[in-house]
Amino acid sequence: MADAESRPPRRRRHAAPGMPLPDTVALVLQGGGALGSFQAGVIEELAAAEIEIDWVAGISIGAVNAALFAGNPPQRRLEAIHAFWDQVTSALPEFLPSLNDQAREIAHAWSAGAVMLGGVPGFFRPRPIPPIFAAPGTPGALSYYDTTPLRETLDRLVDWDLLNNGPVRLSVGAVNIQSGNFRYFDTRDERIDARHIMASGALPPGLPPVEIDGCWYWDGGLVSNTPLTHVLDRQEAEMLVFQVDLFPAANELPRTMTDVLGREKEIRYSSRTRAISDERLRLRNARETVRRLLEKLPDHIADEPEVKAVRELVTEYPVNIVQLIYRAKLWEGDSRDYEFSTRTMREHWEAGRIAVANTMANSRLIAQNILDGDTAAFDLTPR
């Protein structure tokens, strides 16, 4: 990695409130099915704040939102994202009046049941023949739903040439079924199409595996539900990361069986994102200690090849991670990630907008870190 001090200076960008932006602004999108409309609200509010995104990385539904973002010009991104979410929630329109939490929980469970029976428009549909009766090894034997509609939706809403050759870098993760290894597909390294996005969200046993270049892939969330590590491992400049998590790592003790099922899913899919960011920050602090020690070495030792090699290992760019975490309502149980109703989608969307607005209200903290070249993680969303 090149020394940060050797880079030529560039004119610093600014967001609408005057917050300075570093060389790279990344948007990291976790998987979470229907909860992905929270990410859509985040994207809308970041655009309103004039925060230019250079790199978007996603898993599962995060990969879908990421493709819609990178595969459309700025003036059409929200239109494409709205079109996707309006379509996938069109089978469950908003028709009920305001409900209390108990009634809303019943309506929520009913909507999720309707999805299980009828699928999601533009996303997946039930197979006419149950997997047990399908020929072994065929997609019909390996999943309950057909995702052909998702391919058609992506091809309609995403400009693949722009996605691969445009200004926004895209990374999506999936897991190789046979090797069990996690893999990121990155437009910096290869051409991405609908298969890669679908592979990232191919959650078994509901959705079928996807074949890419002779290998078969499942949902990346089976290994890691957040692309944060990929982004940090390939950081090449000072960076601001908006990490959008759809499942909180920390929450209250369950009180009912519905709470138990929901909390189990939160723990399983949160991927310990806060622990990951904390671990990376501790590692960076350790490297900073080594760098300070190297600066104290006399010249005749500092020029030794071994010392130069160590200096190269501990040289890194500053990063600030802003965590935007969706916190489920009381009535949302374990079906929250496949309850595709219009009403819930709009509520998730608005929650994403509010999360960014709250963050920007405290942007001076982030701005000072960027100006000082410091590294830190921020969770400014209300609990």
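For the side-chain contact (heavy atoms from CB on, under 4.5 Å) with L163, the qualifying choice from N72, L170, D193, L68 is L170, the only one to do so. A side-chain contact (heavy atoms from CB on, under 4.5 Å) with E339 is found for exactly one of H108, M345, E332, namely H108.
For E190 and R183, the salt-bridge test passes: some basic side-chain N is under 4.0 Å from an acidic carboxylate O. Using a 4.0 Å cut-off between charged side-chain N and carboxylate O, R234 and D186 make a salt bridge. Between R292 and E295 no salt bridge is recorded (no basic side-chain N to carboxylate O distance below 4.0 Å). A salt bridge links E264 with R268: the distance from a Lys NZ or Arg NE/NH1/NH2 to an Asp or Glu carboxylate oxygen falls below 4.0 Å.
Applying the salt bridge (Lys or Arg N to Asp or Glu O under 4.0 Å) rule to pairs touching residues 47-58 yields R13-E52, R13-D54, sequence neighbours excluded.
With hydrogens and angles disregarded, no donor-acceptor distance shorter than 3.5 Å links the side chain of R353 to the backbone of G41.
The aromatic rings of H82 and W349 lie parallel to each other, with less than 30° between the two planes, well short of the 60° mark. Using bins of under 30°, 30° to 60° and over 60° for the plane-to-plane angle, the ring pair F123/F340 lands in the perpendicular bin.
In this structure, the side chains of Q235 and T24 stay at 4.5 Å or more apart for every pair of heavy atoms.
In this structure, W160 has its ring center at least 6.0 angstrom away from the ring center of H196.
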